Amino acid sequence: MIKNIKGTKDLLPNATYNLQDIENHLTRFMHLHGYGEIRTPIFESTELFTRSVGENTDIVNKEMYTWEDQNGQSLTLRPEMTASVARAYIQKQMWKIEPISKYYYIGPLFRRERPQKGRLRQFHQFGVESIGSENPEQDAEVISIAYNIYKMFGIEDISIKINSLGSGNIREIYSNDLKESLSNFKDSFSDSELKRLEQNPLRILDSKNEKIIKIINENAPNIFDYISPTDKKHFESVLNILDTMGIPYVHDNYLVRGLDYYNQTVFEVISNKLGGQDALCGGGRYDKLISQLGGEDIPAVGFAAGMERLIIAMNLENNESTSTDIYIINNEISLNGVSMLLADNIRKNLGVAVYVDTLRRSLKSQLRHSNKMKSKFSIILDAKTLDENTVCIKNMEKNSQDIIDFNNVVSYFESE
RNA sequence: GUGGCCGUAGCUCAGUUGGUUAGAGCGGCCGGUUGUGGUCCGGCAGGUCGAGGGUUCGAAUCCCUUCGGUCACCCCA
């Protein structure tokens, strides 16, 4: 038997039902905020990700699905969206067309990780990117959107962590000092932690190892002491606006993000119900990415949210079954054509869902199926009554029936 | 990538110290006299016991390998 690839999932109608509903809400929500959808290809030139996400990140080092195309070009299934959005923005030279571009996206991403609940190899993210404003109100807008989306879906048990990484070469200076401050404690570090301290020192800050956390708390410098007065002011303005908007947050000095392109504001929305994979969404500012990839010097801020984690947090993994409004029961094979014609007429004129059996089931079975599909009405076609030009319409909830003229079926439902 | 736990019908599981034709509930399908659903009753269909190999007279049960799931780490959404 051929099976799906590890870390991928098939979604059948009872699972996609809720997903479509969520997507509709997100689309509507973003429209209300002035953001439009962007869709980019799911594979890109490998170089795009090595240059934006960072050579020393795990994503680029060991998690990308990369292959060589027939012409020798290295291609990669996208492991994240921001790089693609930036690439498209630059390619279309959007800054010449409008001073600010606001995008949202929903789509599949690919990372070759060990699967876990809420972490797949093909997973889906919803995300927002606002490109063009350097102002704190833009940070606040993006963060409030993230927060309000979870509120919209009724997810209460969440908290926002926020921090600033400063700008310019602060990141490097701080990283070096951090490395130095911990150099006396190398005995307590595991091999992988030492490697991390070497290659991507900031990441050591969100270690889950109790011992390391203690050492950091007692010895690590505070990045907030490094960032410039301008950056500090920017960060405080963001917090002020969040306060005014009534959005709760926690300033976490040790929050850093794994991707290289982040600077200044970074944030995460955490669910308290998700266990290990508790980050519902993460994002921040990436003011240098556009220029670094060959565009103008244009600031930007955004976030990405995991759809699978959203669905887990909503506790909605399987719910609704397919339903219909009207079920047409044909009692004789010769009436198939009439049934389907009637179904088309009702769909066309009333825009409601009409189901016709194609399994040649018995009357009893069709009624059972009609009931299972939660139909409001069943129309029973029968050769005898059709000779008299009438059909039987059964109200499934009231268990009442009407005999009406075949030509009046549509108008019958219009009055219902 | 590292480590722990798990893998029997579509789903949730039972299956005694290895011993005949592997079970239940739910779900699915059909039917309960000639054209009526939801409740009720009856019947039927689904499993090479994740896969491959080994030990044995005999394996769902023991051993090895492998695949998949799950949890922690790693990382991140």
Side-chain angles (χ1 to χ4, degrees), chain A residues 1-9 12 14 53 56-63 79-82 106-127 146 150 190-193 195-196 200 203-204 206-210 212 256-259 268-271 274-283 302-313 318 321 327 329-332 359-386 391-401 403:
Chain A
M1 185 180 25
I2 299 176
K3 294 192 285 191
N4 67 316
I5 302 300
K6 180 181 188 156
T8 66
K9 241 177 182 169
L12 295 157
N14 62 349
V53 175
N56 287 328
T57 59
D58 279 11
I59 291 180
V60 168
N61 274 333
K62 50 186 197 194
E63 295 177 0
E80 65 112 37
M81 274 298 286
T82 303
I106 304 179
L109 289 316
F110 306 84
R111 255 123 93 161
R112 199 181 185 292
E113 297 182 278
R114 187 84 168 258
Q116 227 177 96
K117 196 186 189 79
R119 181 220 270 177
L120 300 171
R121 290 185 169 182
Q122 175 178 340
F123 61 106
H124 299 78
Q125 281 187 348
F126 163 81
Y150 293 110
S190 69
D191 286 351
S192 68
E193 283 162 342
K195 197 175 158 204
R196 185 145 49 123
N200 202 347
R203 304 281 317 141
I204 206 78
D206 48 24
S207 170
K208 285 175 190 165
N209 185 333
E210 296 283 345
I212 305 293
V256 293
R257 310 234 64 241
L259 282 51
E268 278 178 8
V269 178
I270 309 294
S271 163
L274 244 53
Q277 311 304 316
D278 62 350
L280 283 172
C281 102
F303 72 81
M307 293 293 287
E308 284 80 8
R309 292 182 190 180
L310 171 65
I311 289 166
I312 293 169
N318 274 308
S321 53
Y327 192 111
I329 293 169
N330 51 341
N331 206 18
E332 287 170 50
L359 284 176
R360 302 186 174 183
R361 298 194 241 210
S362 68
L363 177 75
K364 186 192 194 85
S365 290
Q366 288 186 66
L367 269 167
R368 277 180 175 162
H369 189 212
S370 174
N371 182 62
K372 200 188 306 166
M373 290 191 78
K374 304 185 192 91
S375 65
K376 294 169 195 76
F377 296 94
S378 295
I379 301 175
I380 301 169
L381 295 187
D382 178 73
K384 261 175 277 167
T385 61
L386 267 182
V391 298
C392 173
I393 298 182
K394 182 182 179 80
N395 184 317
M396 298 297 282
E397 282 147 32
K398 295 181 189 159
N399 194 20
S400 60
Q401 302 192 161
I403 306 294

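Since this is a predicted model, take the numbers as computed values, not measurements. Order of the sequence lines sets the chain letters (A, B, ...), proteins ahead of strands, with each chain counted from 1.
- The shortest non-hydrogen separation linking Leu280(A) to Arg309(A) is CD2-O, 3.8 Å.
- At a threshold of 4.0 angstrom between heavy atoms, the contacts of Gly283(A) with the nucleic acid are absent.
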- line: Given protein heavy atoms under 4.0 Å, the one-letter contact record of nucleotides 1-11 of chain B, with B base, S sugar-phosphate only and - none, is simply BBB--------

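- Separating the C1' atom of U70(B) from that of G53(B) is a span of 26 Å, rounded to the nearest Å.
- Thr385(A) pairs by the side-chain hydrogen bond (donor to acceptor under 3.5 Å, both in side chains) definition with nothing, not counting sequence neighbours.
- When the C1' atom is used for both G47(B) and C13(B), the distance is 14 Å, rounded to whole Å.
- Glycosidic conformation of G25(B): anti, with the torsion beyond 90° of 0.
- Of the C1' atoms belonging to G37(B) and A59(B), the separation is 48 Å, rounded to the nearest Å.
- With respect to Glu80(A) and Arg111(A), no salt bridge is recorded, no charged nitrogen being found less than 4.0 Å from a carboxylate O.
- Across all strands shown, Gly127(A) has no heavy atoms under 4.0 Å from either base or sugar-phosphate atoms.
- As judged by a 4.0 angstrom heavy-atom cut-off over every strand, Arg111(A) is placed among the base-contacting residues.
- No donor-acceptor pair closer than 3.5 Å links the side chain of Thr8(A) to the backbone N or O of Gln122(A).
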Distances under 3.5 Å only, N/O to N/O: pair up the protein atoms with those of nucleotides 34-37 of chain B.
residue	atom	partner	partner atom	Å
G35(B)	O6	Asp382(A)	OD2	3.4
U36(B)	O2	Lys394(A)	NZ	2.9
U36(B)	O2	Gln401(A)	OE1	3.0
U36(B)	N3	Gln401(A)	OE1	2.5
U36(B)	O4	Gln401(A)	NE2	3.2
G37(B)	O6	Met396(A)	O	3.3
G37(B)	O6	Asn399(A)	OD1	2.8
G37(B)	N1	Met396(A)	O	2.3
G37(B)	N2	Asn371(A)	OD1	2.8
G37(B)	N2	Met396(A)	O	3.1
G37(B)	N3	Asn371(A)	OD1	3.2

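- With the nearest nucleotide of RNA chain B identified for both Gly306(A) and Pro115(A), Pro115(A) has the one nearer the 5' end.
- Atom CD1 of Ile329(A) is separated from atom C1' of G38(B) by 13 Å (rounded to the nearest Å).
- Within 6.0 Å of atom CD1 in Ile5(A), 12 or fewer heavy atoms from other residues, nucleotides or ligands are found, so the atom counts as exposed in its surroundings.
- Using a 4.0 Å heavy-atom distance criterion, Leu120(A) is classed as a base contact.
- Here Ser362(A) does not reach the OP1 or OP2 of C30(B): none of its side-chain N or O atoms lies under 4.0 Å away.
- Nucleic acid contact for Ser378(A): none, since no nucleic acid atom lies under 4.0 Å from a heavy atom of the residue.
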